[in-house]
Amino acid sequence: MIGFQRDGTTLFCDGVPLDRIASAEGTPLYVYSAATIAARYQAIDAAFAGCPHSIHYALKANSTLAIARLLRGLGSNADANSSGEIDVAMRAGFTPPQIVFTGVGKTPAELEHAIALGVRSINIESPGEIARVNAISAARATRTKIAIRVNPDVDARTHPHISTGLKTNKFGIPISDVPDICRHAQFMDGVQIVGLHAHIGSQITDLAPLANAARALVTLASELRGAGTTIEHLDVGGGLGVSYDGRPVPGAAEYAAAVLPILRESGLTIVLEPGRHIIAPAGALLTRVIDVKQAEADRFFVVMDAGMTELIRPMLYNAFHRIEPLVKSNAPLVSCDVVGPLCESSDTLGKDRMLPKPEAGELYAVLDTGAYGSVMASNYNRRLLPAEVLVEDGQWRVIRRRQTLEDVLALEL
Ligand SMILES: Cc1ncc(COP(=O)(O)O)c(C=O)c1O
């Protein structure tokens with residue numbers, strides 16, 4: 001039994017009952033399924049098998065060391081979005097040529113770091129950034145490989161906060177400006193253009209925008225090569241979505257079927273930067289009911305020990321996550337607002353959920369929270385970051401211990 005599945009009344013992760021893990025390790029607690037991570041990584045790899053490709057797992061989705069190591073063991077490379085993520089990638093065993101460095105505002109220190117290491121490519125966001133990379137590289141008498149992040153002005157048709165490919169978004173270089181910029185960059189000693197990059201957004205479930213972005217990259221690559229620029233790879237970013245509510249969405253095979261015929265025309269290596277698609281369904285946030293308060297005759301507030309500090313997606317993006325009891329009771333179904341314990345009205349994990357009338361002390365899972373969950377957790381209200389557990393081969397182990405107040409106060413003078 002792979003992933004989060006119910007057998008009878010009990011919810012399991014890779015065959016291990018989740019209530020046993022929660023009782024042993026406490027809540028709030030993130031639990032990950034190693035088998036799900038492997039299956040989802042391998043599905044992408046298999047879908048692109050017909051074309052030279054490399055998968056650079058987007059660490060921003062979840063960069064806990066054990067998760068990064070697991071993905072490296074599966075053959076993945078890494079996409080890092082900051083110096084911190086570069087260093088985490090290195091600690092997880094990735095080598096610099098296995099890392100691409102993205103990010104809309106890389107500081108000079110971050111660029112120095114990536115250039116000194118010799119990462120596979122720096123995904124460039126602006127003409128100013130090319131000049132900075134060129135200057136740093138020239139001073140070090142080195143030539144840095146860069147890919148131009150193109151803003152193709154394609155609407156990803158996802159939540160506006162995770163849409164990145166429109167000209168109104170801050171990301172990348174407008175596609176019409178790229179040929180001129182490349183012509184200029186060819187004469188710089190400190191940079192070597194090796195690729196084009198586009199990432200148009202996240203949680204994309206409509207494949208047409210991804211195909212449009214792929215088409216834009218292929219057309220641009222052909223134009224640039226005609227003008228003498230050597231291009232080795234096309235980096236199509238991440239973005240492929242998952243089903244949060246159980247309705248069917250395209251998977252890796254459908255994604256590949258939509259973009260590969262276009263990308264193959266280029267004859268170039270394809271770089272992919274998936275995050276959410278691999279890791280979201282591989283994680284669940286376990287939480288315990290603190291209190292049940294009657295809101296109206298037939299509606300309840302269920303106050304959990306996890307809230308926006310552990311999982312901010314529902315508040316930040318109005319995101320939906322399934323919320324289920326770890327052990328289902330026979331209590332009658334009632335309408336519940338599942339809320340966190342923080343001093344914010346927006347601290348709500350799920351509204352109007354029909355649940356078997358919850359009782360204080362019961363355990364619940366907030367599902368599909370492996371991506372952009374623990375990485376976005378905070379210490380607001382002086383709450384402590386939750387522990388994380390990985391289930392692998394029928395066993396579980398803590399991969400990040402629960403934070404203590406001493407950990408937090410250690411920074412304060
Ligand atoms: C440049 C880049 N690549 C990859 C990703 C990963 O996206 P996702 O988790 O949707 O696959 C992101 C996240 O937004 C990103 O900004």
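All ligand and atom numbering here is 1-based and tracks the order in the structure.
- Within the 4.5 Å cutoff, no side-chain heavy atoms of Leu333 are placed close to those of Leu355.
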Considering only distance and modelled atom types, tabulate donor-acceptor pairs under 3.5 Å from the side chains of residues 245-253, sequence neighbours left out.
unit_1	atom_1	unit_2	atom_2	d
Asp245	OD1	Arg247	N	2.9
Asp245	OD2	Arg247	NE	2.8
Asp245	OD2	Arg247	NH2	2.6

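- A salt bridge links Lys106 to Glu129: at least one charged side-chain nitrogen sits closer than 4.0 Å to a carboxylate oxygen.
- Applying the salt bridge (Lys or Arg N to Asp or Glu O under 4.0 Å) test to Asp368 and every residue at least two apart in sequence or in another chain returns Arg322.
- Enumerated by chain and number, the residues approaching ligand 1 to less than 4.0 Å through a heavy atom are Ala58, Lys60, Asp79, Thr102, Arg149, His197, His199, Ser202, Gly238, Gly239, Glu273, Pro274, Gly275, Arg276, Tyr372.
- In terms of the salt bridge (Lys or Arg N to Asp or Glu O under 4.0 Å) criterion, Arg69 has no residue partners (sequence neighbours excluded).
- Here CG of Leu285 is found 7.5 Å from CG of Leu349. Values are rounded to the nearest 0.5 Å.
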